[in-house]
Amino acid sequence: MPTNGYKKPLPAPSPETKRYWEACKNHELWLPYCRACEKPYFYPRDFCPTCFSWDIEWRKMSGRGTIYTFGVHYRNWHPAWADEVPYVTALVQLEEGPRIYTNIVGIEGDPRHLRCDMPVEVVFDDVSDDISLPKFRPASDVGRGLQPR
Ligand SMILES: [Zn+2]
């Protein structure tokens with residue numbers, strides 16, 4: 001898999017997550033949707049984690065959500081992150097319900113600039129020819145003027 005000089009660990013799509021990563025590569029966020037519960041879920045797997053139904057399909061998500069919780073990382077635990085500290089990881093609550101573990105970008109890694117329930121929207125970081133990572137930035141109506149980094 002060509003990495004284009006990307007130094008961080010890369011996801012290895014499995015049969016259950018292949019559809020998810022293919023959508024990310026197209027800059028779309030798709031999640032499995034349980035027809036029995038009528039809800040999407042994360043992370044992708046072949047059966048619903050709530051009711052264990054195997055009656056699932058894939059649906060495109062809006063890409064909008066809010067920060068459920070976040071952490072600001074001041075130390076890099078892997079050399080590839082040395083130039084990025086402080087950086088922000090977060091659980092983002094998607095508009096459709098599921099929570100996704102991700103990075104918040106386009107905002108200074110400072111708790112004074114972040115808050116729970118802050119509206120965010122997905123952006124895709126093309127880290128290799130095969131992998132685009134879904135990250136989130138402040139929603140365009142609140143983040144105007146901020147430069148993604
Ligand atoms: Zn279900």
Side-chain angles (χ1 to χ4, degrees), residues 1-4 6-73 76-78 80-81 84-111 113-144 146 148-149:
M1 180 186 317
T3 60
N4 301 342
Y6 187 73
K7 304 265 192 299
K8 298 172 184 168
L10 284 167
S14 67
E16 290 181 316
T17 63
K18 189 169 179 275
R19 178 73 183 81
Y20 173 80
W21 292 113
E22 283 173 358
C24 287
K25 191 176 167 185
N26 292 323
H27 291 192
E28 293 180 346
L29 190 62
W30 286 67
L31 291 185
Y33 177 91
C34 175
R35 290 189 189 119
C37 290
E38 301 183 332
K39 289 184 213 160
Y41 59 88
F42 184 83
Y43 55 90
R45 60 205 109 163
D46 288 340
F47 59 90
C48 171
T50 302
C51 74
F52 306 113
S53 170
W54 290 72
D55 186 17
I56 65 160
E57 64 187 25
W58 285 81
R59 290 199 180 175
K60 185 180 175 185
M61 302 292 111
S62 67
R64 292 186 297 271
T66 54
I67 294 177
Y68 179 75
T69 189
F70 65 91
V72 179
H73 301 260
N76 58 302
W77 300 101
H78 184 288
W81 273 267
E84 293 185 24
V85 289
Y87 64 92
V88 183
T89 56
L91 260 183
V92 164
Q93 173 104 43
L94 298 176
E95 200 171 69
E96 293 86 356
R99 292 178 188 151
I100 183 170
Y101 190 61
T102 185
N103 287 106
I104 305 297
V105 296
I107 193 166
E108 201 176 322
D110 183 326
H113 300 296
L114 295 148
R115 63 177 172 76
C116 292
D117 298 327
M118 174 184 276
V120 290
E121 61 192 8
V122 72
V123 289
F124 292 90
D125 188 357
D126 300 324
V127 298
S128 78
D129 289 344
D130 300 311
I131 296 292
S132 296
L133 299 174
K135 299 179 177 181
F136 285 77
R137 68 180 177 200
S140 47
D141 53 335
V142 295
R144 195 165 287 130
L146 295 168
R149 50 177 200 152

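Starting from 1, each residue takes its place in the sequence as its number. Each ligand, and each atom within it, is numbered from 1 in the order the structure gives.
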remark   = Minimal heavy-atom distance between H78 and P9, with the atoms involved, is NE2-CD, 4.0 Å
message = Assess the residue pair R64 and E121 against the criterion (salt bridge (Lys or Arg N to Asp or Glu O under 4.0 Å)); give the C-alpha distance rounded to whole Å, side-chain angles, the decisive distance to 0.1 Å, and a yes or no.
response = CA-CA 4 Å; R64 292 186 297 271; E121 61 192 8; over 6 Å; no
ask   = Among all residues two or more places apart in sequence or in another chain, which pass the side chain to side chain contact (heavy atoms under 4.5 Å, CB included) test with K39?
value = C37
request  = Check which protein N, O or S atoms are less than 2.8 Å from the Zn ion (ligand 1) and report how many there are.
outcome  = 4
task = For the pair K60 and E28, find out whether any cationic side-chain nitrogen is under 4.0 Å from an anionic carboxylate oxygen.
result = yes
Using distance only, find each side-chain donor-acceptor pair of residues 41-49 under 3.5 Å and give its atom names and separation, not counting sequence neighbours.
{"unit_1": "Y41", "atom_1": "OH", "unit_2": "R45", "atom_2": "O", "d": "2.7"}
{"unit_1": "Y41", "atom_1": "OH", "unit_2": "F47", "atom_2": "O", "d": "3.3"}
{"unit_1": "R45", "atom_1": "NE", "unit_2": "Y43", "atom_2": "O", "d": "3.0"}
{"unit_1": "R45", "atom_1": "NH2", "unit_2": "F42", "atom_2": "O", "d": "3.4"}
{"unit_1": "R45", "atom_1": "NH2", "unit_2": "Y43", "atom_2": "O", "d": "3.4"}

message = I'd like to check the side chain to side chain contact (heavy atoms under 4.5 Å, CB included) partners of E57; sequence neighbours left out, ordered by chain and number.
response = Y33, R35, R59
